[in-house]
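In what follows, a structure is listed as structure tokens, so that the remarks can point back to it.
Values below: every heavy atom of this structure, side chains too, minus hydrogens, waters and symmetry copies.
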Amino acid sequence: MMTMTEGPYRVVLADDHAMFRRDLKSVLVKKGDLDVVGEAGDGLELLALLASAKLAPHMAILDISMPNLGGLEATPKIKSAYPDMKVLILSMHKEKEYVRKAISVGADGYLLKQDSSDELFTAIEKIRQGSFYFSPLLCDVDGF
């Protein structure tokens with residue numbers, strides 16, 4: 001289990017919306033102790049990026065709905081190749097089926113895109129410390 005790291009906590013982003021990725025990166029970098037070391041438009045691009053570069057990210061933040069390879073399909077591949085890497089799903093999908101699937105494929109957390117940036121930082125910190133984290137907005141979903 002990875003708990004503390006030296007230097008900035010390295011994050012990669014995968015979302016098919018370039019404007020959203022740019023804004024998310026901007027929010028993360030302003031935090032100061034987070035460094036976005038790579039970006040991808042889909043899961044396949046992310047896997048290729050991880051394999052070809054010496055990024056050594058601590059966490060991948062993934063959207064569920066992406067072309068070619070979505071976040072739920074990319075997560076087990078990431079966990080298999082990089083077992084210490086944390087995965088946070090960041091999605092608009094609030095339905096419990098998506099949350100259960102994310103848990104079953106090895107995600108360390110699930111946040112909704114409608115959550116605040118403070119909630120995002122809380123999720124990253126909890127996951128960084130080895131805990132699981134789920135959006136408080138998911139409490140509205142039956143069974144959570």
Side-chain angles (χ1 to χ4, degrees), residues 1-3 5 7-31 33-141 143-144:
M1 174 172 56
M2 196 181 304
T3 54
T5 58
Y9 195 70
R10 295 179 303 277
V11 177
V12 292
L13 308 176
D15 193 293
D16 57 324
H17 296 99
M19 193 180 313
F20 179 79
R21 275 197 325 268
R22 184 196 67 219
D23 292 346
L24 179 59
K25 179 179 180 177
S26 175
V27 167
L28 291 172
V29 170
K30 284 181 185 171
K31 179 82 164 79
D33 62 344
L34 299 171
D35 189 13
V36 177
V37 296
E39 297 178 49
D42 64 52
L44 286 180
E45 188 180 330
L46 176 63
L47 293 173
L49 179 69
L50 292 173
S52 68
K54 302 271 188 240
L55 303 176
H58 300 104
M59 178 182 285
I61 299 178
L62 310 176
D63 186 17
I64 285 181
S65 303
M66 296 183 288
N68 301 318
L69 189 69
L72 296 178
E73 295 78 27
T75 296
K77 294 177 184 305
I78 292 167
K79 290 294 201 171
S80 175
Y82 311 97
D84 291 332
M85 190 182 305
K86 303 296 185 183
V87 174
L88 172 60
I89 299 293
L90 183 57
S91 178
M92 66 176 197
H93 297 291
K94 190 174 186 170
E95 297 80 11
K96 60 187 171 187
E97 298 79 28
Y98 287 103
V99 181
R100 287 189 181 124
K101 179 69 172 172
I103 295 166
S104 75
V105 297
D108 298 286
Y110 194 104
L111 206 59
L112 296 171
K113 288 183 175 178
Q114 67 192 72
D115 279 309
S116 68
S117 56
D118 286 343
E119 204 63 49
L120 174 63
F121 296 134
T122 299
I124 291 170
E125 191 54 37
K126 293 285 187 188
I127 293 168
R128 185 177 183 172
Q129 294 171 2
S131 298
F132 290 93
Y133 191 84
F134 299 95
S135 168
L137 297 175
L138 292 171
C139 293
D140 296 339
V141 179
F144 286 93

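- Of all non-hydrogen atoms in A74 and G43, the two that sit nearest each other are CB-CA, 4.1 Å.
- Annotation: salt bridge (charged side-chain N to carboxylate O under 4.0 Å, His left out) contacts of E39 (sequence neighbours excluded): R21, K25.
- A 4.5 Å side-chain heavy-atom check between D115 and L120 finds every atom pair outside the cut-off.
- Here the side chains of K31 and Y9 are not in contact, with every heavy-atom distance at 4.5 Å or above.
- Judged as a salt bridge (Lys or Arg N to Asp or Glu O under 4.0 Å), the pairs with a partner in residues 61-72 (not counting sequence neighbours) are, in order, D63-K113.
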Are L24 and L90 close enough, and set up right, to give a side chain to side chain contact (heavy atoms under 4.5 Å, CB included), and what steps lead you there?
-> CA-CA 11 Å; L24 179 59; L90 183 57; 3.9 Å; yes

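- Across every non-hydrogen atom of H58 and P8, the tightest pair is CE1-O, 3.8 Å.
- Take E45 and apply the side-chain contact (heavy atoms from CB on, under 4.5 Å) test, not counting sequence neighbours, and it matches A40, D42.
- The stretch residues 130-139 participates, sequence neighbours left out, in no salt bridge (Lys or Arg N to Asp or Glu O under 4.0 Å) pair at all.
- With sequence neighbours excluded, the residues satisfying side-chain contact (heavy atoms from CB on, under 4.5 Å) with A102 are L72, I89, A107, Y110.
- Within the 3.5 Å criterion, the main-chain N or O of R22 finds no donor-acceptor partner in the side chain of S26.
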Pair up each side-chain donor or acceptor in residues 48-57 with any protein partner under 3.5 Å, not counting sequence neighbours, and list the distances.
{"residue": "S52", "atom": "OG", "partner": "A48", "partner atom": "O", "Å": "3.0"}
{"residue": "S52", "atom": "OG", "partner": "L49", "partner atom": "O", "Å": "3.4"}

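- Evaluation of the ring pair (Phe, Tyr, Trp, His ring centres under 6.0 Å) rule for Y98 yields H93 as partners, not counting sequence neighbours.
- Under the side-chain hydrogen bond (donor to acceptor under 3.5 Å, both in side chains) criterion, D23 pairs with no residue, sequence neighbours left out.
- The CG atom of L88 sits 10.0 Å away from the CZ atom of F134 when rounded to the nearest 0.5 Å.
- The side chain to side chain contact (heavy atoms under 4.5 Å, CB included) test with V11 singles out one residue from I61, V29, V37, and that residue is I61.
- The main-chain N or O of P76 is never found under 3.5 Å from a side-chain atom of S80 such that the two would form a donor-acceptor pair.
- Of the inter-residue distances, the one linking E73 atom CD with L44 atom CG reads 10.0 Å to the nearest 0.5 angstrom.
- With sequence neighbours excluded, the residues forming a salt bridge (charged side-chain N to carboxylate O under 4.0 Å, His left out) with D33 are R128, listed by chain and number.
- If you take CD1 on I124 and CG on L28, they are separated by 5.0 Å, rounding to the nearest 0.5 Å.
- Considering only residues two or more places apart in sequence or on other chains, K79 meets the salt bridge (charged side-chain N to carboxylate O under 4.0 Å, His left out) condition with D108.
- If you take CD1 on I127 and OG1 on T122, they are separated by 10.5 Å, rounding to the nearest 0.5 Å.
- Residues forming a side-chain contact (heavy atoms from CB on, under 4.5 Å) with L47 (at least two apart in sequence, or on another chain): L69, K77, I78.
- Atom CG of L111 sits about 8.5 Å away from atom CG of L138, to the nearest 0.5 Å.
- In this structure, the side-chain contact (heavy atoms from CB on, under 4.5 Å) partners of S104, at least two apart in sequence or on a different chain, are K101.
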